[in-house]
Amino acid sequence: MVCCICKEKPATVHLTHIEGDKMQKVDLCEECAKNKGVSSTPDFSLADLLLGLGASHEIEQASGGVELKCPRCGFTQADFKKSGRLGCPGCYETFADGLEGLLKSMHKGTRHTGKVPEGLRQTRDASERLKTLQQKLAKAIEEENFEQAAILRDEIKQTTSRVAGPVST
Amino acid sequence: VNKIGLNEFLVSPAEVARRRGPHDRIVMSSRVRLARNVQYGVFPGWAKKPERLRVLEMIRPAVEGLPELKSAFSQTMDNLSALEKKLLVERHLISREHEAKNVGSGVVLNRDETFCVMINEEDHLRMQALRPGLQLRQAWQAIDHLDSALEEKLNYAFSNDLGYLTACPTNLGTGIRVSAMLHLPGLVLAEQINPIIQSVNKLGLAVRGLYGEGTEALGNVFQVSNQMTLGESESTIVERLEKVLAQIIEHEENARASILEKKAKMVYNHIGRAYGILANAHSISSKETMNLLSLLRLGVDLALFPDVDRSLADELFILTQPAHLQRQHSEKLSAEERDLLRADMLRERLKQVSRPNIKSGGAGDAGLDKAGKS
């Protein structure tokens with residue numbers, strides 16, 4: 001395989017970039033790779049390699065040049081650049097803006113549609129039910145249907161006590 | 001929890017090799033792994049020692065208390081010798097990354113080696129279900145059940161939008177890695193393996209070597225697994241892999257039939273030479289052994305060794321690996337000494353195996369006639 005930039009030397013660095021359902025492969029020789037800022041030294045970011053060179057850069061940009069630091073565990077974007085891994089579950093909130101594009105490029109979607117822990121599922125179902133009930137209540141009051149409103153108010157009270165349990169991050 | 005040492009605890013290679021599953025001619029094993037973390041912990045790679053120990057002490061009893069892990073082997077990584085860790089790697093029960101762990105990490109393995117939980121690997125919890133042959137769905141159901149029981153005891157780090165939160169964003173969401181280990185000598189000999197790997201890659205699936213990430217495909221064994229974990233459900237991921245595997249199995253069977261039809265001499269030559277070396281060598285490396293055992297296994301599949309069961313090849317696959325060889329000797333062996341002992345074992349075990357039985361032999365072979373006419 002020949003380097004796809006200089007088209008002369010044999011390609012020894014192989015990169016795969018996945019965006020949505022499109023995949024791009026780039027094969028570079030040692031020299032062109034170096035010129036493009038790709039190196040195979042151990043401190044080279046795994047995230048960069050996996051995510052088509054833009055991952056930590058994107059996080060940097062999203063933070064507007066200010067070095068973000070997770071308030072919960074002290075992890076910084078520089079640490080992410082080094083390891084390609086995050087410090088704690090809270091980091092997903094700290095680095096949320098920068099991570100979004102990155103997740104889009106590596107996964108099928110950006111919203112979880114799989115398994116939900118049973119305890120949380122009940123809480124989540126209850127809070128969704130609460131939302132609907134509150135909308136109905138507002139409508140009932142608007143229509144001056146006070147009998148209906150009283151029933152809804154009791155239901156909301158009941159549901160609220162269920163939602164008050166452990167809540168996820 | 002079982003108090004006996006790992007060496008005595010492990011299922012014998014002969015027994016492991018005898019286990020049967022659907023399509024095990026080609027699919028050697030199925031595995032589903034889930035990554036989980038506890039809510040208020042720091043991920044193992046960033047946590048300091050006391051924090052890792054705190055998480056280990058919280059998770060380990062919870063795992064040991066699961067019915068699936070009754071009388072399991074449970075140990076912290078600092079209490080396992082280098083040899084014991086290597087044995088677990090060679091059995092595909094722990095990752096190479098976990099092998100390197102010490103204080104603050106642990107492993108829990110059930111009696112028949114169908115469940116293995118790594119504590120404080122890259123994530124707080126890496127739990128896996130293993131099954132012989134093609135049984136992805138069964139493995140997923142088994143690990144799903146175990147995970148549901150565990151979630152009653154531990155508060156997982158979970159977000160409604162992002163799902164299970166993992167140390168590496170590549171595992172985010174479901175935290176699931178569904179994989180199968182495939183023996184594909186037909187596709188390799190027919191030189192069709194690269195286009196197959198490329199088209200599997202295009203479907204968002206990864207193809208790796210025998211020991212996972214960054215390892216070469218020794219013995220024509222390939223691991224196929226999902227890469228994306230966020231944005232689709234576990235069962236969708238399992239089903240996609242099942243579909244792709246069914247196609248790979250078909251391609252492998254076709255490749256075997258076609259090389260036998262068109263290039264029978266080449267196939268017999270490879271298998272005959274593999275038999276010759278395995279049964280007669282006096283020194284042999286583990287890499288060469290695996291590549292030749294793969295051909296012996298193919299020979300069994302093609303009925304060239306009528307008196308041999310496939311489980312012999314699979315048993316030798318395990319027994320001839322470095323840590324498994326070392327395990328049978330009290331003194332520390334050098335690589336050269338291992339090569340001698342490996343050859344001794346192979347000669348001994350293949351003594352009763354007769355030469356490949358190639359019907360009517362040589363140029364009169366039906367496969368070659370066809371090749372000549374086409």
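So that the names make sense, note that chain A is the first sequence line, chain B the second, and so on, each numbered from 1.
- Between chain B and the residues Cys70(A), Gly109(A), Gly90(A), the most heavy-atom pairs under 4.5 angstrom are made by Gly109(A).
- When the shell of 6.0 Å around CD of Glu191(B) is examined, it contains 12 or fewer heavy atoms from other residues, nucleotides or ligands.
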Can you list the steps and then say if Ser159(B) with Tyr92(A) is a side-chain contact (heavy atoms from CB on, under 4.5 Å)? CA-CA 9 Å; Ser159(B) 127; Tyr92(A) 279 98; over 6 Å; no
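- Pro169(B) and Leu86(A) make their closest contact through CG-CD1, 4.4 Å (heavy atoms, listed as atom of the first residue, atom of the second, distance).
- Looking at His107(A), its side chain does come within 3.5 Å of a backbone N or O of Thr229(B) through a donor-acceptor pair.
- In terms of non-hydrogen atom pairs under 4.5 Å with chain A, the most contact-rich of Gly175(B), Gly173(B), Pro44(B) is Gly173(B).
- Looking at Ser235(B), neither its backbone nor its side chain comes within 4.5 Å of chain A, counting heavy atoms on both sides.
- Between Thr174(B) and His112(A), the closest side-chain pair of non-hydrogen atoms falls below 4.5 Å.
- Interatomic distance, CZ of Phe43(B) versus SG of Cys91(A), reported as 7.0 Å (0.5 Å rounding).
- Distance CG/Asn160(B) to CZ/Arg111(A): 7.0 Å, rounded to 0.5 Å.
- Met106(A) and Met228(B) make their closest contact through O-CG, 3.2 Å (heavy atoms, listed as atom of the first residue, atom of the second, distance).
- Proximity of Leu103(A) to Leu162(B): side-chain heavy atoms (C-beta onward) are separated by under 4.5 Å at one or more points.
- Residue Ile237(B) does not touch chain A at all, counting heavy-atom pairs closer than 4.5 Å.
- Heavy atoms from other residues, nucleotides or ligands lying under 6.0 Å from NZ of Lys153(B) number more than 12.
- A donor-acceptor contact shorter than 3.5 Å links the side chain of Lys115(A) to the backbone of Asp144(B).
- Taking each heavy atom of Glu151(B) and Glu118(A) in turn, the nearest pair found is OE2-N, 2.6 Å.
- Counting all heavy atoms, side chain and backbone alike, Cys168(B) lies closest to Arg85(A) at CB-CG, 4.0 Å.
- Contacts between Ser148(B) and chain A at a heavy-atom distance below 4.5 Å involve backbone atoms as well as side-chain atoms.
- Interface summary for chain A: among Asp147(B), Val42(B), Leu172(B), the most heavy-atom pairs under 4.5 angstrom belong to Leu172(B).
- Between Cys88(A) and Tyr40(B) the shortest side-chain heavy-atom distance does not fall below 4.5 Å.
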